[in-house]
Protein chains: 2
Amino acid sequence: MNRSAMAFLPVSEEEGLTLDELAYRRLSRALVTGAMLPGDRLSIRGVAAALGVSSMPARTALQRLAAEQAVDLLPSGTAVVPRLTRAGFAELSAIRAELEPLAVRLAAPHLTEADWTRLAALISAHDTARGAGEAEAIQAADRDFLFLIYRAAQAPLLLGLIETLWLRRGPLFGAIRGLSGALGGMRHRHGEILASLRERAGEPAAALLRSEIEEATRFIQSTLRFEDDDTAAERLAAIGQLNAHPLDREPTSLSHHRRRRSRGT
Amino acid sequence: MNRSAMAFLPVSEEEGLTLDELAYRRLSRALVTGAMLPGDRLSIRGVAAALGVSSMPARTALQRLAAEQAVDLLPSGTAVVPRLTRAGFAELSAIRAELEPLAVRLAAPHLTEADWTRLAALISAHDTARGAGEAEAIQAADRDFLFLIYRAAQAPLLLGLIETLWLRRGPLFGAIRGLSGALGGMRHRHGEILASLRERAGEPAAALLRSEIEEATRFIQSTLRFEDDDTAAERLAAIGQLNAHPLDREPTSLSHHRRRRSRGT
DNA sequence: ACAAGAGAAATGTGATCACACTATGAACCG
DNA sequence: CGGTTCATAGTGTGATCACATTTCTCTTGT
């Protein structure tokens, strides 16, 4: 595996955790922050060595990520950071556009005064980060803003699903990085959302978030080149050499349907 | 663990699978069909023995189910079939009401003539099962009807999420069983949905499914006694002995945040 | 120069074991 | 008889090993 991709390691409050948990959190963080690039292979022994743990916790963490669809599984069982195709990104965005507004709606009645000031602070953090051109800090502020709301929804199942979606979305931003200027075009509506939430107007706040997600999706789709745009396989297919694109095909369902290689009886 | 709960075992096409997969599938099936009751403990060695495999596959399968939130984890790490509280059920239903209609919308353009006839057959199967009063067959027919559509959406991520939700919902129906007559009051709208889909009218079909889910939810909420209704802890709290309900509290997020017990530093 | 094949390294699966912790029971003391 | 204590069985965590398969690399042949 790509060792250098592991070098982020924001060691924080990780003491007292199970090694399973520790491995999972570090891998998760690597995924959401975009430290892992699409296509990176994550082998058990590889992440074990990179994280300084034995294979057992690494194995557990990878299986958990696979179960959450945060990583894909090759037929051999090796985990690989998903390559988001154009269709895949559209699907991901459509799901987010349903679930995250729901969380906002549920959160509206539960937000406290303290939450509002914290949210306002995160908007300020976003603005200063944007002024300084620090892409990483911008994303962090936005993410914290939204997840503070999502947590307030007091809907653990929903929160887990949303976390899953962000895990899957992360690698895309790793691919974006360097395409720098791209992010400049994206505006958020967090100010308006906060204003609505202050008035306990959950429905309008949800609608605002939904349109924010849809706008961002359209922008990214029009700006970014996806993995399945104009690949070698596709060019060949256009010529007529191939009619199926085995490389581009999305794994069916959870891609957990692997057959076993013949072993003892 | 409850050994007898394992006795269903619809061994079918399970050859050639990884032992991990086999264990996972059997447990999944036990959950969705309602064979497992809320509160059942699933220990690693227990399911290993019940499934006739070693602990390793059992462990993997349980961790995977935990990652999908299909089971909860006690602080000790033991998996337990979730007890759906009233709030939890409301949350689950709200999520379903967002995601499943989305799947219908996405599926509409992809359904073929063959799908339509298969769907019509499943509606018939539902009706005859209802006539015979076979609750199990009714549920199976409904489930197959919906998932045939969901699969046609060609949205693997979405399909995985929906499967997760059904996994979580399963145990509730195990609890319902015996309350027999309860199901009699539930009507579905699959006929109307199919009619809409035949006309490629995805949006109306989605709206129909949404209201079907909402109706069923309201019905169940008004009919069923939930685990958190009138518990001992709640009665005590009413008296003023307790103000917090540690027993009823939902685990935060994925409940994966367990602290490690002190071991070698 | 390029493709095919053989060997070597790496990989996931699965089993088994040791360890610390938890819960459950019985025995014991008041 | 009731409450406490202690031993025992059971639990998840983690490590390590064997094995068949996959994947890479280097060589070889044309």
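Because only heavy atoms are used, hydrogens play no part in the values below, and waters and symmetry mates are left out as well, while side chains stay in. Letters go in sequence order (proteins before strands), and every chain restarts at 1.
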| task | Among residues two or more places apart or on two chains, list those pairs meeting side chain to side chain donor-acceptor pair (under 3.5 Å) that have a residue in residues 150-161 of chain A. | result | E100(A)-Y150(A)
| remark: To the nearest angstrom, the CG-P distance between L22(A) and dT13(D) comes to 14 Å
| query | Counting any heavy atom closer than 4.0 Å, what does T60(A) reach on the DNA or RNA strands: base, sugar-phosphate only, or nothing? | reply | nothing
| field | Whole angstrom value for the distance that separates C1' of dT22(D) from CZ of R41(A) | value | 10 Å
| field | Out of dT13(C), dA15(D), dG12(C), whichever nucleotide has its closest atom nearest the side chain of T18(B) | value | dT13(C)
| said: Test: ring-ring contact (aromatic ring centres under 6.0 Å, His included). Region: residues 51-96 of chain B. Which pairs qualify, not counting sequence neighbours? | reply: F89(B)-F226(B)
| task | List in chain and number order the residues that pass side-chain hydrogen bond (donor to acceptor under 3.5 Å, both in side chains) with S28(B), two or more places apart in sequence or in another chain; answer none if no residue qualifies. | result | none
| With respect to the phosphate group of dT11(C), does any side-chain polar atom (N or O) of S76(A) fall under 4.0 Å of OP1 or OP2? | no
| For L62(B) and dT11(D), what is the distance between atoms CG and C1' respectively, to the nearest whole Å? | 12 Å
| task | Could you tell me whether the side chain of R59(B) has a donor or acceptor atom within less than 3.5 Å of a complementary atom in the base of dG14(D)? | result | yes
| remark: Against the side chain of L19(A), the closest entry in dA15(D), dG14(C), dG12(C) is dA15(D)
| query | Under the side chain to side chain contact (heavy atoms under 4.5 Å, CB included) test, which residues partner A141(A), sequence neighbours left out? | reply | A125(A), H126(A)
| request: Look at T78(A) and dG12(C) and indicate whether a side-chain polar atom (N or O) is within less than 4.0 Å of OP1 or OP2. | output: yes
| remark: CZ (R64(B)) and CG (D20(B)) are apart, to the nearest 0.5 Å, by 8.5 Å
| field | Spacing between I44(B) atom CD1 and dG14(C) atom P, to the nearest angstrom | value | 15 Å
| task | Go through the structure and list residues passing side-chain hydrogen bond (donor to acceptor under 3.5 Å, both in side chains) with S93(A), not counting sequence neighbours. | result | T217(A)
| request: Find which nucleotide of DNA chain D each of M56(B) and R45(B) is nearest to by heavy atoms, and output the residue with the more 5' nucleotide. | output: R45(B)
| task | Answer with yes or no whether the side chains of Y24(B) and E68(B) bring together a donor and an acceptor at under 3.5 Å. | result | yes
| Nearest-nucleotide 5' precedence on DNA chain C, S55(B) against A79(A) | A79(A)
| request: Round to the nearest Å and state the distance from L74(A) atom CG to dT13(C) atom P. | output: 11 Å
| note | Rounded to whole Å, CD of Q63(B) lies from P of dG14(C) at a distance of 14 Å
| query | Could you give the angle between the helix axes at the two ends of the helix from dA1(C)-dT30(D) to dG30(C)-dC1(D), with five pairs per end, rounded to 10 degrees? | reply | 10°
| query | Under 4.0 Å between a side-chain N/O of S54(A) and OP1 or OP2 of dG14(D), yes or no? | reply | no
| Could you state the CD-P distance from E21(B) to dG14(C), rounded to the nearest angstrom? | 10 Å
